[in-house]
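Below is one structure, written out as C-alpha cells; the observations come after it.
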Amino acid sequence: MLYSVNQLAQWASATMKGNGHLLIEKLVFDSRKTFTSDHTLFVAIKSINNDGHRYIGELYKKGIRAFIVEEEAYIDYSTYPEAGFIECKQSVRCLQAIAAAIRQTFHVPFIGITGSNGKTIVKEWLARLLTGRYKVGRSPRSFNSQLGVTLSIWMLEKDIDLALIEAGVSQPDEMRPLAECIKPDLGILTNFGRAHQENFSSMEQKLAEKLNLFETAHTIFCHGDDEFVYQSVNKRYPHKQIVSCGRSAHNTLRLLEQRSNQGSSVLQLSYKNECFAIDFPHQDRISVDNLLICACVALELGVPVKHIRIEAPQLTSIAMRLEQKEGINNCLLIDDGYNADLTALELGLDFLNQMGAKRGLSKTLILSDIYQSGMDDQALYKQIQLLAKEKGVEKLIGVGERLYTAMKGVNAYRSTSDFLSRVDVNSFENEAILLKGSRHFAFEKIAALLEQRRHKTQLEINLNALAHNVQHFRSKLNNSTRLLAMVKAFSYGTGAFEIANLLQHQKVDYLGVAFADEGIELRKAGITLPIIVMNPELASFSAMLEYELEPEIYSLQVLDAYLKAVERQGLTNVPVHIKVDTGMNRLGFLPSELQDLIERLQVAPQLKVKSVFSHLAGSDEAIHDGFTEKQITGFREACTFLENGLGYFVIKHILNSAGIERFPEAQMDMVRLGIGMYGVSAINDVALQQVNTLKSYVSQLKTVKAGATIGYSRKGTSTKERQIAIIPIGYADGYSRRLSNGVGQVLINGQRASIVGNICMDMCMADVTSIQVREGDEVQIFGTGISISELAERSETIPYEILTSISRRVKRVYVME
Ligand SMILES: *Cc1c(COP(=O)(O)O)cnc(C)c1O
C-alpha cells in the first residue's frame, strides 16, 4: 500500500510543508536502522535521551524525502527543497491519528488484546487456532507500545479477514490513544496480575485503565475464575456480551479436568453442552489459562472443536531465539530460530545489522523457503530481494526447491544437504551471516559448519535471564526510584555493547562505567543512555565532554581540572556527580570537605550537580549492618547539607545490589545495580535467574594406570586405575589454579567430576572414572549446576572476581529467546 504524504497529513489534521506528492510505504524511527530511502517516511521522535530531529540533515543526504516533525523543532524547511514535511504538535500522536484512519479502511473484525501477561502468547496461539478459517493479520512479536500499535496497524496486509492487535500499558492514561487506533470489535483480557503495578495507585486503577481498550467492543473475553476481574468487567460494561473461561461452573468454556504427565497434559473441556478432550504440550497454570482463552475465542468465532483438537498439541512456546556466535574466517553467525516469515525475517535482519555494523562486516543472508506467505514464489522472492537489499545484505543464499527455482539456481541450493555437500566453506570471510530457516530445514547443521571451533570454551550469556533479573530488582523499588546499571569492566566480564544495549531497551536510567574508554566504546556503538564515569582521568576530560560522559567528582582537584575543560569548550550546565566518602575510605569528599565544595560550585554555573552518592563497604554482610546504618545516616546528612548549599534538587544514591536487597528503605532517588543482574544475591533470592554459563568440552579421554601422576609437578596419584578427561580450559581462561587437586569440580552429563592434578595454562584434567563420558561431551564450569558463588567459595574469592577474570579469548555467546 502506498499513501501520499498529503493524505497522511490530512488524516492527522497536520500541516503539510513542501512536497506532498511523495508516496510512502514504510515508516522508520531509528536513523541508524534506516537503509532505504524510496517510499520511506522518517518519524522524528523526541525521547529523554535522544531527538530524531537531529538526524534530518543526515537522512536527507541519504535520500530520505518524507518526514513527520514537531512544530517546536523549528526545522528550516527551505534547506530541504525536495522534501515533504508533516508538521505536527507531537509525532507519536500524529502517527496514532494516521493509524486510526488506516484502521477505518478495514471492514473486518479487529480483536484487541490486553492484560498483564500472556498477550503475545495468546495472540500467536489464537492466530494459529484461527488459521485455515480466517486470514489473520497480527502485531509482529510484541509490538504493543504506543509506537508498536501504530506500526502493527500500518503493517497489516489489505486482504486479511481478521486482525489481532496487542495493546500494552504501563502507566495511567496510556490506553485511550491505543483504543482510538485499534477500535476493537472484540476484546480479550488475558491474565491480570501484579506486573507493572508500580505506576498505578491500585489494582482497580490498573484494571480500569486496561478496560479502556474495550469501549468499542461488542464482546469481551476474560477469565471467569478471577472474581475481581470478572466482576469489574461486568460492572464496567453491563451492556456488552461477556464471555468467560475457567474452572468454575458459570464459565462459557469450562475446564473440567486436567491430567498431566511429563510436561504435557490432557484437558477435559466443556463448551455449550459439548464435552471434549484436547492434548496440550504444557501443564503449568498460566499456559493452560492462555489456552482456555484462545480456545474460547476460536470457538465463539466458529472454529470447529475438531480443528482445535488438531492444533492444540502444536502450541509450543513461541520462544524466539537469536544466537550470536563467532564464525569461521572472522565471520559472525546469527542463528535465528524464530519461525520464518517476512516480518520475522525483517526483525532478524535488523539484529544482523545491529551486531554486524559494529565490526564493519559485510552482510549475508542464508534463507530457507518460506511457507504460508500467501504469495506466489516469484512475488515472494521479489519481496525477499527487496527486503534484503534494503537491509544492506550483499549476499543472499537460498535453500529449498522453491527458492532454487525462483533464483534460477544461482547462489541457491535445493536442500540443506545439497548446501552442505556443495558449499565452499572458505568462500565465507569477514561476513555477518544471518541463518534463517524454517524448522524442518535443520539449519543447525549449517550453523555447525560455519561456526568457529578453534576454542570451544565459551561463556553463554542469557539475555532474557538478565532482563528478568533487572525487572526483578526494579520490582523491589518505588516507582520513582531511578535505576543505574553498572557495566564497568566489560559489564562484569559479560560484554560491553550487548549488555548496555539490552539495558537501554530495559529502560534503565543510567549506566555506570569505571573509565572513560569504556564509556566511549559504548557511545561509538550507539548507546545513548546517560553514562557516569567513576574514575575519570584528567587526560580524558575533553573526550568525555565530546561523548557526553558524566564524571564522578571526588576531590576539589578533579573539580577544578574538569571545570577548566568545560570552560575551554564554552559549555554550560554540564552534569557532574559528587562522590561522598562515608566510610569506604576510597575516593570521595569527606563530609568535612563539603563546605569548600559548595563554595566552589556556587561560583561555577557551568556545572550542574546531577547526583550525589556514596558507596557501602559491607552491605552484603550482617556483621557490618551497624556500620552500614552509620554510612547511610552520615550520607543523608551530607545530602541535606549539599542540597541546602546548592539550593536545588540533586539525585541521591547509596545502594548497590546487596544494598537493594538488604536496605531497601535507603533506596532514596536512585540505586546502582551491578552483580545482582547476573543472579548473584546476598540473600539467596531464588527468584533471580542464572545468566552466565561457562562451558567447555571433553577433548580427550585417557585411562591412566594406578600410581601414575597427572600433569605438571606430578600431582594427583591414585592407587587405582582411573579414567581422566582432558578439558581445554586453564588459568589463562580465568579458571583459577587454586582449583587444582580436587578443590574444583566440573559438571559433565549432570554429574560432578573433581579436578585432578594442577590446572595448566590452557587445560585441566578431571577424574571421570565413575561417570559415563564420551569425547566431545559438554563440560559445565559454572552455570545452573555449579553456581558462581560456589565456584567463588572453592577458589577463595568472590563472584565478582570469577566473572571479571574470564579472559577475552573465551567466546561470548549471547542467547535471546
Ligand atoms: C561496582 C559498583 C556498584 C555495583 O556494585 P554491586 O555490588 O555489583 O551491585 C555500585 N556502585 C559503585 C560506585 C560501584 O563501583
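In what follows, every heavy atom counts, from backbone to side chain, and hydrogens, waters and symmetry copies are set aside. Just so we're clear, the structure is a prediction, and the values are computed from it rather than from any experiment.
- At distances below 3.5 Å, not a single donor-acceptor pair connects side-chain atoms of R774 with backbone N or O atoms of L701.
- Atom OH of residue Y735 and atom OG of residue S740 lie 9.0 Å apart, to the nearest 0.5 angstrom.
- The side chain to side chain donor-acceptor pair (under 3.5 Å) test with H615 is passed by exactly one of K579, R672, Q631: R672.
- Between the Q667 side chain and the E665 main chain, no donor and acceptor come within less than 3.5 Å of each other.
- In this structure, H653 has its ring center at least 6.0 angstrom away from the ring center of Y510.
- Atoms NZ and CG, on K436 and L349 in that order, are 9.0 Å from each other to the nearest 0.5 Å.
- Here Q689 pairs with A465, H468, N469 under the side-chain contact (heavy atoms from CB on, under 4.5 Å) rule; sequence neighbours left out.
- With L673 as the partner, the side-chain contact (heavy atoms from CB on, under 4.5 Å) test is satisfied by one option alone out of N656, I660, L503: I660.
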message: Between L587 and N535, is the side-chain contact (heavy atoms from CB on, under 4.5 Å) condition met? List the steps.
response: CA-CA 9 Å; L587 296 180; N535 287 284; 3.4 Å; yes
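- Between the side chain of S807 and the main chain of G734, no donor-acceptor pair closer than 3.5 Å is present.
- In this structure, I755 CD1 and I710 CD1 are separated by 11.5 Å, a value rounded to the nearest 0.5 Å.
- A search for ring-ring contact (aromatic ring centres under 6.0 Å, His included) contacts involving F443 returns nothing, not counting sequence neighbours.
- Within the 3.5 Å criterion, the main-chain N or O of Y712 finds no donor-acceptor partner in the side chain of R714.
- Relative ring orientation between Y413 and F419 is described as perpendicular, the plane-to-plane angle rising above 60° on a 0-90° scale split at 30° and 60°.
- Taking each heavy atom of L502 and A467 in turn, the nearest pair found is CD2-N, 4.1 Å.
- Taking the charged nitrogens against the carboxylate oxygens, R809 and D762 do have a contact shorter than 4.0 Å, which makes a salt bridge.
- Checking side-chain atoms of N329 against main-chain N and O of C331 turns up no donor-acceptor pair under 3.5 Å.
- In terms of modelled atom types and a separation under 3.5 Å, the side chain of S491 and the main chain of G495 share a donor-acceptor contact.
- Cation-pi geometry between R808 and F490 is met: under 6.0 angstrom from the ring centre, within 45 degrees of the axis.
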- prompt: Stepwise, does the side-chain contact (heavy atoms from CB on, under 4.5 Å) test hold for Q745 with R794?
  reply: CA-CA 9 Å; Q745 294 185 337; R794 287 181 183 270; 3.2 Å; yes
- request: Report the C-alpha distance between F663 and V671 in whole Å, list the side-chain angles of each, state the deciding distance to 0.1 Å, and finish with yes or no for side-chain contact (heavy atoms from CB on, under 4.5 Å).
  value: CA-CA 11 Å; F663 299 89; V671 297; over 6 Å; no
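- The closest side-chain heavy-atom distance from I806 to R812 is below 4.5 Å.
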- prompt: Under the side chain to side chain donor-acceptor pair (under 3.5 Å) criterion, do T582 and S614 qualify, and how do the steps go?
  reply: CA-CA 7 Å; T582 53; S614 189; 2.7 Å; yes
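- Between the Q458 side chain and the V813 main chain, no donor and acceptor come within less than 3.5 Å of each other.
- Residues L352 and T364 are not in side-chain contact: their nearest non-hydrogen atoms beyond the backbone lie 4.5 Å or more apart.
- To the nearest 0.5 Å, the span separating CD1 on I675 from CE on M486 amounts to 12.5 Å.
- A donor-acceptor pair is defined here as one N or O able to donate and one able to accept, closer than 3.5 Å; such a pair exists between the side chain of S265 and the backbone of H282.
- Using a 4.0 Å cut-off between charged side-chain N and carboxylate O, E518 and K488 make no salt bridge.
- Contacts of A543 classified as side-chain contact (heavy atoms from CB on, under 4.5 Å), with partners at least two apart in sequence or in another chain: I520.
- For the atom pair L361 CG and N330 CG, the distance stands at 6.0 Å (nearest 0.5 Å).
- S795 places no side-chain N or O within donor-acceptor distance of the main-chain N or O of L739, the cut-off being under 3.5 Å.
- Without hydrogens or angle criteria, Q780 side chain to I786 main chain gives a donor-acceptor distance under 3.5 Å.
- Residues satisfying the side-chain contact (heavy atoms from CB on, under 4.5 Å) test with E801, not counting sequence neighbours, are R738, T797, I798, S805.
- One finds the CD1 atom of I328 at 6.0 Å from the CG atom of N426 (value rounded to the nearest 0.5 Å).
- With sequence neighbours left out, the ring-ring contact (aromatic ring centres under 6.0 Å, His included) criterion links F428 to no other residue.
- In summary, R752 and E790 engage in a salt bridge, as defined by a charged side-chain N under 4.0 Å from a carboxylate O.
- Looking at residues two or more places apart in sequence or on another chain, you find a side-chain contact (heavy atoms from CB on, under 4.5 Å) between S696 and T457, I727, P728, I729.
- Within the 4.5 Å cutoff, no side-chain heavy atoms of L694 are placed close to those of D733.
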- request: Apply side-chain contact (heavy atoms from CB on, under 4.5 Å) to S657 and M677, showing your working.
  value: CA-CA 8 Å; S657 305; M677 288 191 279; over 6 Å; no
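- Considering K720, R722, E721 as possible partners of T769, the one that fulfils the side-chain contact (heavy atoms from CB on, under 4.5 Å) test is R722.
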